[in-house]
Amino acid sequence: MNWRIRNQVLDTDDHTLIMGIVNATPDSFSEGGSHFSHQAAVAHGLAQRAEGADIVDVGGESTRPGAEPVPTRHEIDRVVPVVRDLAKQGVVVSVDTMKAAVAAAAIEAGAHIVNDVTALGDPDMPGVCSAAGVGVILMHMQGDPQTMQADPTYDDVVAEVAGYLEGRVDHAIAAGIDRAALCIDPGIGFGKTFDHNLALLSDLGRLGAAGLPVLVGTSRKGFLGAILNDAGWATKPAERDPATAATVALAIAGGASVVRVHNVGHALQAARTADAMVRASQRRK
Ligand code: PMM
């Protein structure tokens with residue numbers, strides 16, 4: 001599958017794309033804000049590229065459950081200098097934002113992809129993305145970050161998430177975004193219980209039926225902490241990279257084309273191993 005992002009095409013058949021996470025936020029749940037300073041964020045992104053990240057995702061507003069929204073001006077000040085420095089050095093950069101003004105500033109600074117956890121909730125977002133021809137990630141979330149984990153409810157989570165994403169794909173195309181620029185994401189942990197997350201991860205093929213690249217973001221998330229806790233091991237988020245690697249491999253077996261992770265080196269080993277096994281099995285069919 002090809003994913004068109006601005007002036008480039010990413011080929012997801014050759015290998016699963018690894019998206020490294022750079023949080024330019026003082027309150028990110030998994031890194032304690034250690035990558036908040038501009039230089040540290042750029043250095044982190046460059047290190048991820050050197051480790052094998054295909055894309056570096058830069059975010060300036062935490063979406064952890066209960067996080068407070070960040071004013072647009074602050075978000076631009078956090079994100080844009082980091083995007084500019086990474087893009088200047090040839091890194092494929094995505095900007096993790098739900099605000100069209102932040103996306104526009106990041107695109108102007110060289111971002112190739114807009115990662116929008118509200119799937120074009122800002123009415124100005126489709127125009128910003130279509131004008132620049134950037135790649136667009138449409139993610140599912142029930143509610144908003146402040147309230148989403150209060151009481152997530154679905155009749156059939158997989159059907160509802162797939163149906164929602166189909167609707168957002170139609171909306172994006174109707175608003176002028178090229179279908180080839182789209183990527184879809186079930187939004188693990190965004191308004192989902194433990195069981196909802198596992199149901200989505202075990203049925204990714206349902207989302208893949210749309211014929212678009214599927215991104216999966218499990219890295220260090222709470223459901224992994226719950227699994228490890230059940231196994232008798234209380235973990236901090238940064239201790240969950242082996243568990244993340246397991247989900248990376250399983251997501252690839254289930255059809256994911258892009259994985260969003262904090263620890264690129266660990267994910268790369270899991271992804272390349274899964275890629276080799278999945279492709280060998282496809283060749284035998
Ligand atoms: N998860 C987080 C933030 N942004 N974007 C996409 N597309 N998918 C995700 O699963 C996702 C995201 C939350 O994790 P972080 O605070 O560790 O970045």
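In listed order, ligands and their atoms are each counted from 1. No hydrogens, no waters, no symmetry mates; every other heavy atom, side chains included, goes into these values. Throughout, numbering of the chain's residues begins at 1 and tracks the sequence. Please read all numbers here as calculations on a predicted model, not as lab measurements.
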Within a distance under 4.0 Å of any heavy atom of [X], pick out the atoms of ligand 1 and give their elements.
X      : result
Val117 : 4 (N), 5 (N), 12 (C)
Ile137 : 7 (N)
Asn115 : 5 (N), 6 (C), 7 (N)
Thr63  : 2 (C), 3 (C), 13 (C)

Looking at ligand 1, is there an atom of it that comes within less than 4.0 Å of some heavy atom belonging to Arg64? no
Test your reading of the model: is there a side-chain donor-acceptor pair from [X] to the backbone of [Y], 3.5 Å cut-off?
X      : Y      : value
Ser281 : Met277 : no
Lys192 : Val157 : no
Gln48  : Ile21  : yes

Side chain, backbone, both or neither: the part of [X] lying under 4.0 Å from ligand 1 by heavy atom:
X      : value
Arg260 : side chain
Thr218 : neither
Asp96  : side chain

Any donor-acceptor N or O pair under 3.5 Å, side chains Thr16, Asp275: yes
Let me know which of Gln149, Gln142, Lys221 forms a side chain to side chain contact (heavy atoms under 4.5 Å, CB included) with Phe190. Lys221
Is it the case that more than 12 heavy atoms not belonging to Gln269 sit under 6.0 Å from its CD atom? no
Classify the angle between the aromatic ring planes of His140 and Tyr154 as parallel (below 30°), tilted (30 to 60°) or perpendicular (above 60°). tilted
Considering both backbone and side-chain atoms of [X], is one of its nitrogen or oxygen atoms within less than 3.5 Å of a nitrogen or oxygen in ligand 1?
X      : value
Lys221 : yes
His262 : yes
Asp185 : yes

Between Asp96 and Arg260, does any NZ, NE, NH1 or NH2 come within less than 4.0 Å of an OD or OE carboxylate oxygen? yes
